[in-house]
Amino acid sequence: MSTQRVFVARLSGCSVFDPAGDRLGKVRDVVVIYRKDDPPRVIGLVVEIPGRRNVFVSIGRVTSIATGQVITTGLINVRRFQQRGGEVRVMAEMIGRKVFLADGSGTAVIEDVAIERNRLGEWDVGQLFLRKPKTSASPFAKGPTTFAAWDDVRERQVPGEAQSAEQLVATYSELRPADLANTLLDLPEERLLEVVEELPDDRLADALEEMPEEEQVHILEALDDERAADILDAMEPDDAADVLGQLPEDQREELLELMEPEEAEDVRALLKYGPDTAGGLMTSEPIVLSADATIAEALALIRRHELHPALAAAVFVTLPPYETPTGRLLGTVHFQRMLRYPPHERLGAIIDDTLDPVPATASAAEVARLLASYNLVSLPVVDPAHRLVGAVSVDDVLDYLLPEDWRSQDAADERAAAETVPTTTASTPFLGKPFGAGRRR
């Protein structure tokens, strides 16, 4: 797919429509986040809806940006837009800003910013439209204009000035979620909370999913309730249920009320199950299709880059409805099996119905035994009516079976040392710094 380029100043004021062609509002701004080595990434639009209310529309909800119009999925959170730490509004904050040209030719002012869509469907800042200082004394003269890539300009920092939390967030932009989680937990308490405030919601959600539950609770409690609810919305339902399960009932209910209704409904369903059961370990968002769906349709769904690999390994075929809890489970179609048949083949013709699903009340040990016995990466989970309610994946089971401090390299090293040293020294107190020690409380 060729790169699509749109200039923000021209985008501002464009109408926003839903798939049916009904007008939802108009674009007021574009929101980006800075990254360390790459141009800023677009995360969404500020859209003015009737009542002169500005709301945030995630770029993932935008299906098309064309001349004079923006098409969305039609799903809009009407909560008033509040700018988060680390977010930068292009119209309000970038346009008009002075920058320094990297080639040393002087300064320029940003007059417009182009955003570009790449092959993965993500939008980034592309070219900058710059105006250099005027060279004539005439009051009517204007400076020459030029285009520049993001890497061709610099924003000067005062010598000796401490790196801002925003700049620190940019240095973390390429870290994997697990590495980001460990990096955050190594920060001093005050610095940790500063960076948490600057992190975009989706990045913070990814990092929280990789932290011990007590650390998740501590960070969420440091946020205001609306931001905490937004983070929970961005987390996987099973991870959100795990952290909410650690909170007092009144606080848990308050956060659930602030979450998006669909997300809250999924989390409430998971909270009904014990943490050591298949229902407590599963995700309620597996890929579900009808028997009439084709292999091509199934492959298109599992090809999504944001989908967890374990969930992309198979699709589940059910009777309608096709959202959990679904109609009766008919069977599973594994990714490898799909590759052996032509794209037009119906899933109903290649269903694997030999694998029995597990009830939501099955123990974690039973789930682990089945995954290991049949070399699987996920298992369907059903209710007493044999309706699909979710899928439990091997990573969920590992999270449960491993020691609570498995994420800590220090703790792992300590256990390994204890297993190899003589018995007379195995009880020697560990002198290293345990996971999370010294950072708070």
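Keep in mind the model is a prediction, meaning the values are calculated, not measured.
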Undergrad: Using side chain to side chain contact (heavy atoms under 4.5 Å, CB included), reason through R97 and V113 one step at a time and then give a plain yes or no.
TA: CA-CA 11 Å; R97 181 182 294 181; V113 175; over 6 Å; no
Undergrad: Taking the side chain as every heavy atom from C-beta outward, state whether L130 and L101 have any pair of such atoms under 4.5 Å apart.
TA: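 Yes, at least one pair of side-chain atoms sits under 4.5 Å.
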Undergrad: Would a distance-only check, ignoring hydrogens and angles, find a side-chain to backbone donor-acceptor pair under 3.5 Å from D266 to E263?
TA: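 No, because the side chain of D266 does not come within donor-acceptor range (under 3.5 Å) of the backbone of E263.
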Undergrad: For the CD atom of Q246 and the CG atom of L220, what is their distance to the nearest 0.5 Å?
TA: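 Q246 atom CD to L220 atom CG measures 11.5 Å (nearest 0.5 Å).
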Undergrad: Are the side chains of L180 and D206 in touch, meaning some heavy atoms are under 4.5 Å apart?
TA: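 With C-beta onward as the side chain, the pair stays apart.
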Undergrad: Quick one: does any side-chain atom of N118 pair with a main-chain N or O of D124 as donor and acceptor, under 3.5 Å?
TA: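 No; judged by distance alone, with no hydrogens or angles, the pair does not exist.
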Undergrad: Any heavy-atom pair between the side chains of R268 and L256 that's under 4.5 Å?
TA: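 Counting from C-beta outward, L256 and R268 do come under 4.5 Å.
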Undergrad: Sub-3.5 Å donor-acceptor pair from the side chain of R154 to the main-chain atoms of D151, do we have one?
TA: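 Checking the backbone N and O of D151 against the side chain of R154, a donor-acceptor pair under 3.5 Å is found.
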Undergrad: Is the shortest heavy-atom distance from the side chain of S64 to the side chain of Q69 under 4.5 Å?
TA: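 Counting from C-beta outward, S64 and Q69 never come under 4.5 Å.
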Undergrad: Could you tell me whether a side-chain N or O of S393 sits under 3.5 Å from a main-chain N or O of V377, the two making a donor and an acceptor?
TA: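 The answer is no, because no donor-acceptor pair under 3.5 Å joins these two groups.
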Undergrad: To the nearest 0.5 Å, what is the distance between CZ (R5) and CH2 (W123)?
TA: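 Those atoms lie 11.0 Å apart.
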Undergrad: If I take atom CD from residue E249 and atom CG from residue L244, how far apart are they, to the nearest 0.5 angstrom?
TA: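 Those atoms lie 12.0 Å apart.
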Undergrad: So does K98 have more than 12 non-hydrogen atoms from other groups sitting under 6.0 Å from NZ?
TA: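 Counting neighbours around NZ of K98, 12 or fewer heavy atoms of other residues, nucleotides or ligands fall under 6.0 Å, so no.
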Undergrad: For the side chain to side chain contact (heavy atoms under 4.5 Å, CB included) test, which of V46, N77, I76 pairs with V55?
TA: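 Of all the options given, the one that passes is I76.
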Undergrad: Verify, without hydrogens or angle tests, whether D112 (side chain) and A9 (backbone) share a donor-acceptor contact under 3.5 angstrom.
TA: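 Pair found, side chain donor or acceptor close to backbone of A9.
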Undergrad: Drop me the distance from L187's CG to L185's CG, to the nearest 0.5 angstrom.
TA: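 Going from the CG atom of L187 to the CG atom of L185 covers 8.5 Å.
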Undergrad: Just say parallel, tilted or perpendicular for the rings of F81 and F56, cut-offs at 30° and 60°.
TA: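 Parallel: the ring planes of F81 and F56 meet at under 30°.
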Undergrad: Between D202 and R41, is the closest basic N to carboxylate O distance under 4.0 Å?
TA: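 Answer for the salt bridge query: yes.
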Undergrad: Using modelled atom types and a 3.5 Å cut-off, is there a donor and acceptor pairing between side-chain atoms of E297 and backbone atoms of L301?
TA: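 Absent.
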Undergrad: Could you walk me through whether K26 and I49 pass the side chain to side chain contact (heavy atoms under 4.5 Å, CB included) test, one step at a time?
TA: CA-CA 7 Å; K26 53 187 174 183; I49 61 175; over 6 Å; no
Undergrad: What I'd like to find out is whether the side chain of T283 reaches to under 4.5 Å of the side chain of L311, using heavy atoms alone.
TA: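 A side-chain contact under 4.5 Å exists here.
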Undergrad: Within a reach of under 6.0 Å around OH of Y322, are more than 12 heavy atoms found that belong to other residues, nucleotides or ligands?
TA: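 Enclosed: over 12 neighbouring heavy atoms sit under 6.0 Å from OH of Y322.
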Undergrad: If you look only at distance, which donor and acceptor atoms sit under 3.5 Å apart when one is on a side chain in residues 345-355 and the other is two or more places apart or in another chain?
TA:
{"unit_1": "R346", "atom_1": "NH1", "unit_2": "D292", "atom_2": "O", "d": "2.5"}
{"unit_1": "D352", "atom_1": "OD1", "unit_2": "T354", "atom_2": "N", "d": "3.0"}
{"unit_1": "D352", "atom_1": "OD1", "unit_2": "T354", "atom_2": "OG1", "d": "2.5"}

Undergrad: Quick check: are there more than 12 heavy atoms from other residues, nucleotides or ligands sitting under 6.0 Å from CD of E265?
TA: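 Open.
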Undergrad: Are the side chain of T326 and the backbone of L388 linked by a donor-acceptor contact shorter than 3.5 Å?
TA: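 Yes, the answer is positive, given that a donor and an acceptor are paired below the 3.5 Å cut-off.
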Undergrad: Would you say CZ of R23 has more than 12 non-hydrogen atoms from neighbouring residues, nucleotides or ligands within 6.0 angstrom?
TA: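 Correct, the count exceeds 12.
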Undergrad: What are the two closest heavy atoms between T332 and A314, and how far apart are they?
TA: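 Heavy atoms of T332 and A314 come nearest at CG2-CB, 3.7 Å.
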Undergrad: Checking S378 side chain against V392 main chain: does a donor-acceptor pair fall under 3.5 Å?
TA: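 No; zero donor-acceptor contacts below 3.5 Å.
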Undergrad: Within the 4.5 Å heavy-atom criterion, are V153 and F100 side-chain neighbours or not?
TA: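 Not in contact.
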Undergrad: Using every non-hydrogen atom in the two residues, find where P359 and A278 come nearest and quote the distance to one decimal.
TA: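 Of all heavy-atom pairs spanning P359 and A278, the closest is O-CB, 3.6 Å.
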Undergrad: As a test of understanding, state which of L289, V315, I295 forms a side chain to side chain contact (heavy atoms under 4.5 Å, CB included) with V333.
TA: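 Only match with V333 under side chain to side chain contact (heavy atoms under 4.5 Å, CB included): V315.
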Undergrad: Side-chain donor-acceptor pairs under 3.5 Å in residues 225-233, sequence neighbours left out?
TA:
{"unit_1": "R227", "atom_1": "NE", "unit_2": "D201", "atom_2": "OD1", "d": "2.7"}
{"unit_1": "R227", "atom_1": "NH1", "unit_2": "V196", "atom_2": "O", "d": "3.4"}
{"unit_1": "R227", "atom_1": "NH2", "unit_2": "L199", "atom_2": "O", "d": "2.7"}
{"unit_1": "R227", "atom_1": "NH2", "unit_2": "D201", "atom_2": "OD1", "d": "3.2"}
{"unit_1": "D230", "atom_1": "OD1", "unit_2": "R79", "atom_2": "NH1", "d": "2.7"}
{"unit_1": "D230", "atom_1": "OD2", "unit_2": "R84", "atom_2": "NH2", "d": "2.3"}
{"unit_1": "D233", "atom_1": "OD1", "unit_2": "E260", "atom_2": "N", "d": "3.1"}
{"unit_1": "D233", "atom_1": "OD2", "unit_2": "E260", "atom_2": "N", "d": "3.2"}

Undergrad: Is the backbone of D152 close enough, under 3.5 Å, to the side chain of D103 for a donor and an acceptor to pair up by distance?
TA: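 No; judged by distance alone, with no hydrogens or angles, the pair does not exist.
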Undergrad: Mind listing the closest non-hydrogen atom pair of T324 and G390 along with its distance?
TA: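 What the structure gives for the nearest pair is CG2-N, 4.1 Å.
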Undergrad: Test your reading of the model: is there a side-chain donor-acceptor pair from S12 to the backbone of V8, 3.5 Å cut-off?
TA: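 Checked: no pair found.
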Undergrad: Between the side chains of H218 and E189, is a donor N or O closer than 3.5 angstrom to an acceptor N or O?
TA: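 There is such a pair (donor and acceptor under 3.5 Å, judged by atom type) between the side chains of H218 and E189.
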Undergrad: I need the L270 CG to E236 CD distance, nearest 0.5 Å.
TA: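 Rounded to the nearest 0.5 Å, the CG-CD separation comes to 10.5 Å.
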Undergrad: Check the pair V382 / R387 against side chain to side chain contact (heavy atoms under 4.5 Å, CB included), numbers first and verdict last.
TA: CA-CA 5 Å; V382 296; R387 299 180 305 171; over 6 Å; no
Undergrad: Output the distance between atom NE2 (H386) and atom CG (L319), rounded to the nearest 0.5 Å.
TA: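 It comes to 9.5 Å.
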Undergrad: We want to know whether R131 and T145 form a side-chain donor-acceptor pair, criterion being a heavy-atom distance below 3.5 angstrom.
TA: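 Judged by distance alone, the side chains do not pair up.
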Undergrad: How about E323: does its CD atom have over 12 heavy atoms from other parts shown lying under 6.0 Å from it?
TA: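 It does not: E323 CD has 12 such atoms or fewer within range.
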Undergrad: Look at atom CD of E93 and say whether more than 12 heavy atoms of other residues, nucleotides or ligands are closer to it than 6.0 Å.
TA: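 Yes, enclosed.
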Undergrad: How close do P39 and W150 get, counting heavy atoms only, and between which atoms?
TA: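 Scanning both residues, the minimum pair turns out to be CA-CD1, 3.7 Å.
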Undergrad: Is any side-chain heavy atom of D396 closer than 4.5 Å to one of M282?
TA: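 When only atoms from C-beta onward are counted, D396 and M282 do not touch, as no gap falls below 4.5 Å.
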Undergrad: What I'd like to find out is whether the side chain of E194 reaches to under 4.5 Å of the side chain of E197, using heavy atoms alone.
TA: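 Sidechains of E197 and E194: no contact.
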Undergrad: When the ring centroid of F7 is compared with that of F129, is the distance short of 6.0 Å?
TA: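 Here the rings of F129 and F7 have centres that are no less than 6.0 Å from each other.
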Undergrad: Could you pull out the closest heavy-atom pair between A364 and V397, with the gap in Å?
TA: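 For A364 and V397, the tightest heavy-atom pair comes out as O-CG1, 4.5 Å.
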Undergrad: What are the two closest heavy atoms between P325 and V389, and how far apart are they?
TA: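 Looking at all heavy atoms of both residues, the closest pair is CB-CG1, 4.0 Å.
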Undergrad: Indicate whether the side chain of Q216 and that of E210 have a donor and an acceptor atom separated by less than 3.5 Å.
TA: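 No.
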Undergrad: Answer yes or no: are there more than 12 heavy-atom neighbours, outside R10 itself, under 6.0 Å from its atom CZ?
TA: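 Incorrect, the count does not exceed 12.
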Undergrad: Among V243, D238, L204, D239, find the residue that satisfies the side chain to side chain contact (heavy atoms under 4.5 Å, CB included) test when tested with E209.
TA: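 It is D239, the one option of V243, D238, L204, D239 that forms the side chain to side chain contact (heavy atoms under 4.5 Å, CB included) with E209.
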Undergrad: For V88 and M94: C-alpha separation, side-chain torsions, deciding distance, then whether side chain to side chain contact (heavy atoms under 4.5 Å, CB included) applies.
TA: CA-CA 8 Å; V88 178; M94 287 185 67; 3.7 Å; yes
